[in-house]
Peer 1: 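Next up is a structure, given as structure tokens.
All values reported here derive from a predicted model rather than from experimental measurement. Note on naming: letters A, B, ... go to the chains in the order of the sequence lines (proteins, then strands), and numbering restarts at 1 for each one.
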Amino acid sequence: MSKPKVALYWCASCGGCEEATVDLTERLFDLVEAVDIVFWPIAMDFKREDLEKMEDGSIDIAIINGGIRFEEHEEMVKLLRRKSKIVIAYGSCAHLGGIPGLANAYPREEILKFAYEEAPTVINQDRVRPMKKTTVDGMEFELPDFLEYLKPLDEVIDVDYYIPGCPPTPDLTWEAVSKLLSGEIPPKGHVFGSDKSLCHECPLNETKPDEIKLEELKRPHQVVLDRSKCYLTQGVLCMGPVTRGGCEALCIKGGMPCTGCFGPLEGVYNQGAKALSFLASVIDIEDEEKYREMLEKLGFDPIGWFFRYSLAKGMIYRKKGDGE
Amino acid sequence: MSDGDGFEPTIVVFACHWCTYQAINLAGTSRMKYPPNVRVIRVMCSGRVDPQFVIEAFKNGADGVLVAGCHPGDCHYVNGNMKTMRRTVMLEKLLQDMGIEKERFRREWISAAEAKKWVEVVTEMVEQVRKLGPLKLAEREVVMNE
Amino acid sequence: MSSEEVKVEGACPTDEVRIGVYVCHCGLNIAGVINVKEVVEYAQKLPNVVSAKEYIFMCSAPGQDLIREDIKKCKLNRVVIAACGPEMHEPTFRAVLEEAGLNPYVLEMVSIREGSSWVHYEDPEAATEKAKDMVRMAVARARNLEPLEKMSGEVKQRALIVGGGIAGLASALDLAERGFEVHIVEKKPVLGGHAARMGQLNVEGRKVSGKDLVDYLVKKVKDNPNVHIYTNAEVTKVDGSIGNFTITVKLKPRYVNDKCTSCGKCVEVCPVTAPNEYEYGIGERKAIFLPFEGAYPNQYVIDPETCTFCGKCVEVCPEGAINLDEKEKEITLEVGGIILATGHDPYEPPVGEYGYGLSPKVITLHQLKRLLSEDGPTKGELVIDGKRPRNIVFISCVGSLGTTPNANQYCSRMCCSASLLEALHIKEKYPDAQVFFVHKDVRTYGKDENLYWKAIDNLVKFVRFEESPKVTVGKGEVKVEVEESTIQERLVIPADLVVLVTGMEPPKEIEELRSLFKVGCGGDGFLKEAHLKLNPVESLTGGIYLAGTATGPKSIAESIVAGSAAAAKAASLLSKDTIEVEPIVAVVDEDKCSGCGICVSICPYGAISLEKKEDGTRVSKVDPMLCQGCGTCGAACPSAAIQQNSYKDKQIIPQILAVFER
């Protein structure tokens, strides 16, 4: 019997997800033992043609990380989709847009202008911008275009499963892959991780009083957090309540409140809006002026606070065709 | 609806049962006129209005959203409207950061007796949003899984 | 995602959703503007709609028959009625559904009359379009409505009355006479509240004092075996909900037991004093004292704040009634309903406001009433600074109508009548006294109007101001300067006595009360009625009623009326064995709940608690009898685990989406 075929690919991502794969450490050998890695450009020399040559549906599992920001990403994931039985969106960027998705708060033009002209470290007197087509010494080169927005993977192709996290933990990765290889197939659309929020598994949950009432909010850099006490009750935003568990509460254990990388739970439409709602609810200020003042002083930044990983999913766009 | 002249905005209103919805009824029984551009969703308390609802409304085509409830101190549910206050203040900034003009999102306290205020708020808001035109957000083709 | 795709969980899971839409003409109220036929035809095409019909009056008997028959014939499991709003006919149509064998909660009413035809009558086309949109939204919402069961709970047929003032006493008496067990908890060591020290009242010209009324009520109350009185006691904890409250009461030590014969020997030896709060600060009392003559219980009490516990009183007490080691006790009461008759505080002007606190010649109305009372500190003789005042100036609206920066905005309602009554009292007692009534307004409403005319007849001089008067306190001299707004002349009145006509304020403890009993406060700071006009003695929390000045300024008569009304409302609850509540309460999906406690933190009724499960994790639990169905927990729940019945995300979100599915 031939071994299951696995493909790994990255799109707009930082490389952390690839690191996470390597962090499987010894288990990586078990994986290589169990499967045939047929495509993994970051680790081995695979070309697009290699993929094109494969029969449609011949790859068992394609694990794709990163968001879709370039034409190239779009083409490649569409190709991978065609060649694969199962596609997994791996990590926050593929799942929700992730950190690169924060760029969606700005139009494409503004990003290019800043990156190529205005950034303090840039020297570009001729204001040269990357061009789709360019001719050098009579030879024509073509670059993949920078798209209008970053899209999570499932807005470009059909996705079967999600492994969340920035990056996903090696244990969760291992659990998910071994489940799929053993034929334990969850329903389509399943997000690996816990079905409950991080609070449920948080080691500090015990210390949380039944009622939380925050007299004021603080930014994490303004306080020395007591690491033995629920961070939210100390007045800092912890995304734990609004974030899927399954990450082993690594940030919490490391002394940082949760920033929400595992994304929302089932039934939550918009992680950021929900985070805003729960936080606003437990602030114990009834005087609107005082409240506005407090937010002002904190440099209130709802996108940064609540949408760190989910802006590409949670941003308001008009669906194509609606605005006519 | 067309982009050019004659654009008629759609305003989604979330109204609490005890105050604003009663003001809307009173406007009805008093035969007060206001633009027909509003679509009202009744909830028991403005505190039920999840910021997700507002985002869903904008995402799906609302040109404006109004969240309205009882005046501070007058909430039928002790202090539900205070949660509305805190959520909408944050939401206001979020929507602006997402590129939505501030006139498109409003929070108003309208008591059961304030049919006139309801009419004024709605008339003014429809007028302002009509001037702004349709929501100018990038269109994005959403293909899969949503 | 479209509004149809939000799946129904729990409700008729195996059944196909079958919706009936009924569009009412309401005579010409709707049909005169909206093209009803077009709306019906439109509704017929909506997904899941199996029947759509119109009728001239849906609420009429034939209209109801039409719906009933349709429900059976078309096997409907959801009903949308486009007519008036839910306020009027929701109960009517819920009954129709029940009679046809459907659960009453799968009904959605959409008000195309108030919401469209009555307001867009000049544009019938737009009105029709709006009606179609509204019907489509209602259908989207109805698709996911779920059948709900009314919940019921046991009713403990006993009442708690917080506050033993005139309103509380009236409530207690009424309930006790109806046969209910009543527990009065009074914070002060005596019953009677402010009324007991109110002096003379205006009872159709007869001389009746507040004390007389209190004595009458107290006698009846204490002789009634159904009544249990706890003075010097405070409610510290309220658990449970309508029909079934568990109340924890702290019984503060009185240090003097009922062997006390009020001989007064202890007072003679007591070395410490404090301002006498029962005389509104006129004179002093000892640490051991009898709040006032003929108080109930007529028993001395020690104020532990003032007392040095020197033990001198113990030595002289002939009855051995004093025990300085007495400890605080705690009792619990199981009651079905609660009446809050927690009263008010008199407005206390800050030092310097109209010269208050700067001269003994400036006093408040409450102090004047004590001075003129026969049981008061001067036995009814008006003596100020050792002399009988001749020129007496009343200044009205002190602490009311926003006359000073510190004042409340509302009218305190009773002060005009009360002060004119005292002005007449002074005129009668000391005919040579000159009385000026410097007022912003005179509001002797209803039966008290005669006081105004009598005051004019008795030559009380009325001086009207727009701009607040100025009181200057010189060396032994007090002057009132006022711009008379009618004759537009500046007057300077030398005064031997200035009486500040002070109003009423919410009691200082209002915040504690509010959070203890989970009741709301209005903008004026007083406890808030469920509806100012329709439910003036009910709070926003089920099973808790409000009486007397707890909800705002009232006269003694009005307080008694409110006390009796609250008793009647409480009686209608207490006379039941069980109580049914609307099931639009919050429900928790334990599989989703992570026990983060956000809902627990924000529930205005304390209806949600965290329950520890066997594996040590916690989940939210809703007490459906306490939950009032506001849904704010659902808006905040970060896991979408807590949802409000009939207002779940899956019911509201499709309604939002449907707006745009034109």
Side-chain angles (χ1 to χ4, degrees), chain B residues 1 8 10-12 14 16-18 21-22 24-57 59-62 65 71-84 87 112 119 122 142 146, chain C residues 1 84-87 110-111 113-123 125-127 129-130 133-134 137 141 514 518-525 528 530-531 540-541 584 602 604-605 628-637 640 644 646-647 649 652-653 655-662:
Chain B
M1 280 171 191
E8 282 302 328
T10 302
I11 312 284
V12 174
F14 295 96
C16 83
H17 175 80
W18 301 97
Y21 194 76
Q22 299 314 319
I24 298 173
N25 274 345
L26 181 59
T29 49
S30 320
R31 311 295 200 275
M32 293 165 128
K33 278 183 294 177
Y34 56 88
N37 307 50
V38 290
R39 299 292 176 267
V40 179
I41 290 170
R42 182 179 66 102
V43 283
M44 293 311 286
C45 177
S46 63
R48 173 68 188 97
V49 181
D50 187 328
Q52 293 188 113
F53 296 171
V54 177
I55 295 207
E56 282 304 309
K59 260 190 172 173
N60 285 280
V65 176
H71 283 269
D74 267 353
C75 180
H76 187 81
Y77 300 102
V78 187
N79 54 13
N81 56 355
M82 287 297 99
K83 285 142 204 160
T84 311
R87 291 173 191 148
V119 170
V122 165
V142 178
E146 219 206 359
Chain C
M1 183 176 65
C84 44
E87 294 74 20
V110 49
S111 129
R113 189 181 69 180
E114 288 86 343
S116 188
S117 66
W118 275 355
V119 285
H120 309 312
Y121 49 87
E122 286 190 346
D123 189 351
E125 209 176 301
E129 282 311 307
K130 187 174 179 185
D133 281 6
M134 290 168 86
M137 288 160 68
R141 171 172 154 76
R514 174 181 163 172
K518 306 283 190 295
V519 289
C521 288
D524 56 7
K528 188 170 160 55
H531 189 288
L540 293 165
T541 304
I584 58 162
I602 65 167
Y605 303 98
Q628 305 288 312
C630 65
T632 192
C633 52
C637 175
Q644 182 192 4
S646 285
Y647 294 90
D649 287 352
I652 297 174
I653 288 191
Q655 204 182 352
I656 302 170
L657 301 187
V659 174
F660 309 100
E661 289 169 354
R662 295 193 175 104

Peer 1: Can you tell me if CD on C:Glu125 sees more than 12 non-hydrogen neighbours from other groups inside 6.0 Å?
Peer 2: no
Peer 1: Which answer fits C:Ala127, side chain, backbone, both or neither, if we ask what part of it has an atom under 4.5 Å from a heavy atom of chain B?
Peer 2: neither
Peer 1: Given that the side chain runs from C-beta out, which part of B:Val38 has a heavy atom under 4.5 Å from chain C: side chain, backbone, both or neither?
Peer 2: both
Peer 1: What residue, out of C:Pro604, C:Cys637, C:Cys630, C:Gly631, has the most heavy-atom pairs lying under 4.5 Å from chain B?
Peer 2: C:Cys630
Peer 1: Which heavy atom in C:Gly522 sits nearest to a heavy atom in C:Lys528, and how many Å separate them?
Peer 2: N-CB, 3.7 Å
Peer 1: Looking at B:Arg31, B:Met44, B:Met32, which makes the most heavy-atom pairs under 4.5 Å with chain C?
Peer 2: B:Arg31
Peer 1: Just give me the residue among B:Gly80, B:Pro72, B:Cys75 that pairs up with chain C most often, heavy atom to heavy atom, under 4.5 Å.
Peer 2: B:Cys75
Peer 1: Against chain C, label B:Lys83 side chain, backbone, both or neither, depending on which of its atoms sit under 4.5 Å from a heavy atom there.
Peer 2: side chain
Peer 1: Does any heavy atom of chain B fall under 4.5 Å from the side chain of C:Val519, the backbone, both, or neither of them?
Peer 2: backbone
Peer 1: What pairs with B:His76 under side chain to side chain donor-acceptor pair (under 3.5 Å), at least two apart in sequence or on another chain?
Peer 2: none
Peer 1: Return the minimal non-hydrogen interatomic distance between C:Ile584 and C:Tyr647, and the atom names on each side.
Peer 2: CD1-CE1, 4.4 Å
Peer 1: Please identify, among B:Val12, B:Thr29, B:Ile41, the residue contributing the most non-hydrogen atom pairs under 4.5 Å to chain C.
Peer 2: B:Ile41
Peer 1: At a 4.5 Å cut-off on heavy atoms, which part of B:His71 comes close to chain C: side chain, backbone, both, or neither?
Peer 2: neither
Peer 1: Does the structure place the NZ or CZ of B:Arg42 under 6.0 Å from the centre of the six-membered ring of B:Tyr21, at an angle of no more than 45° from the ring's axis?
Peer 2: yes
Peer 1: Where the side chain of B:Thr84 meets the backbone of B:Gly47, is there a donor-acceptor pair that is under 3.5 Å apart?
Peer 2: yes
Peer 1: Which region of B:Cys16, side chain (C-beta onward) or backbone (N, CA, C, O), has a non-hydrogen atom less than 4.5 Å from a non-hydrogen atom of chain C, or is it both or neither?
Peer 2: neither
Peer 1: Under 4.5 Å from any heavy atom of chain B, what part of C:Cys521 do you find: side chain, backbone, both or neither?
Peer 2: backbone
Peer 1: Counting only non-hydrogen atoms closer than 4.5 Å, does C:Lys130 touch chain B with its backbone (N, CA, C, O), its side chain (CB onward), both, or neither?
Peer 2: both
Peer 1: If we define contacts as heavy-atom pairs under 4.5 Å, which of B:Gln22, B:Gln52, B:His17 has the most with chain C?
Peer 2: B:Gln22
Peer 1: With a 4.5 angstrom heavy-atom cut-off, which part of C:Arg514 approaches chain B: side chain, backbone, both or neither?
Peer 2: side chain
Peer 1: Going by atom types alone, do B:Ser46 and B:Arg87 pair a side-chain donor with an acceptor below 3.5 Å?
Peer 2: no
Peer 1: Is there a side-chain contact between C:Tyr121 and B:Lys33, using heavy atoms and a 4.5 Å cut-off?
Peer 2: yes
Peer 1: Do B:Arg48 and B:Phe14 have side-chain heavy atoms sitting under 4.5 Å apart?
Peer 2: no
Peer 1: Give the intermediate values and the outcome of side-chain contact (heavy atoms from CB on, under 4.5 Å) for residues C:Asp649 and B:Glu56.
Peer 2: CA-CA 11 Å; C:Asp649 287 352; B:Glu56 282 304 309; over 6 Å; no
Peer 1: Under 4.5 Å from any heavy atom of chain C, what part of B:Val43 do you find: side chain, backbone, both or neither?
Peer 2: both
